[in-house]
Amino acid sequence: MTGSLVVVGTGPGKPELMTPATQAALAAATDLVGYGPYLDRVPMLRADQCRHASDNRVELDRARHALALAASGRRVAVVSGGDPGVFAMAAAIFEAVESGDPVWRTLDIRVEPGVTAMLAAAAEVGAPLGGDFCAISLSDNLKDWATIERRLKAAAEADFVIALYNPASKARPHQLGEAFALLRTVKATGTPVLFVRAAGSADSKVVATTLAEADASVADMRTLVIVGASTTRQVGRWIYTPRGAKS
Ligand code: SAH
């Protein structure tokens with residue numbers, strides 16, 4: 001038996017937002033590797049499938065484990081939430097390949113795209129990502145806060161719509177407030193700010209406000225924050241960013 005490894009994303013929550021290609025990859029796998037709550041989103045697809053649930057913070061260990069299983073001949077699916085390439089396991093797999101057993105470079109490794117939180121969140125409110133946008137993770141587990149601040153400032157100065165992943169967690173309660181304070185020094189106070197919790201799931205919740213009034217405590221680990229560009233605006237009950245921006 002020849003081993004393989006596919007990295008998949010479950011989408012933001014609703015089963016319908018998991019792609020058919022991802023479902024097929026999951027059904028073909030002998031082993032599923034991932035953070036427990038993401039594995040729980042995957043229905044039991046075959047009786048002979050092994051599940052290897054692990055803690056959220058041990059991504060590199062999980063990646064090495066998955067690669068070792070594939071090298072031993074198993075058909076492994078590594079499961080992320082959303083899209084597996086956006087702040088998730090696909091990059092962890094390649095980091096492990098880069099620093100690991102040279103044999104891993106010859107493995108059959110593939111990535112399936114998924115619906116990332118930013119897209120599901122945007123769809124909940126209209127089309128806030130209709131113009132140029134960028135995505136920044138506020139997690140400083142793997143990068144310095146100074147780097148995050150530099151990127152926030154540059155994105156604000158360039159008038160991008162900014163999608164903020166990992167806005168808050170119990171271990172990091174202050175980052176989002178600091179990010180808003182920095183953005184207020186560049187962007188207009190009336191700039192739309194959207195907090196979308198559990199986007200693309202049955203219990204999604206949207207809080208729409210402005211940069212002046214945005215309260216960082218609204219966000220938690222399941223929230224995606226979108227900060228508009230100067231053109232982002234409301235029409236009826238929707239928020240959108242026009243496609244063009246002429247200066
Ligand atoms: N790979 C994931 C992102 C992992 S980073 C993806 O593509 O969506 C984890 C962060 O993603 C969370 O802190 C939150 O900011 C965001 N997130 C993930 N799922 C979400 C959802 N359903 N609704 C809102 N934000 C979500």
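Values below: all heavy atoms of this structure, side chains included; hydrogens, waters and symmetry mates excluded. Remember, it's 1-based here, ligands and their atoms both numbered in the order they're listed.
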| task | Verify the cluster assignment for V7 and L67: are they in a single hydrophobic cluster under the rule of side-chain heavy atoms below 4.5 Å apart? | result | yes

| Is R110 salt-bridged to E112, cutoff N-O under 4.0 Å? | yes

| task | State plainly whether the residues D220 and R197 are in salt-bridge range, i.e. N to O under 4.0 Å. | result | yes

| Those protein residues which place at least one heavy atom below 4.0 Å from ligand 1 |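 Heavy-atom contacts below 4.0 Å: P12, G81, G82, D83, V86, F87, A88, T116, A117, Y165, N166, P167, V196, A198, A199, M221, R222, T223, L224.
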
| field | Residues T22, T19; criterion side-chain hydrogen bond (donor to acceptor under 3.5 Å, both in side chains); working and verdict | value | CA-CA 5 Å; T22 292; T19 69; 2.9 Å; yes

| Do the two ring centres, one from F133 and one from F160, sit under 6.0 Å apart? |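 No, ring centres 6.0 Å or more apart.
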
| request: With sequence neighbours excluded, tell me which residues meet salt bridge (Lys or Arg N to Asp or Glu O under 4.0 Å) with D48. | output: R46

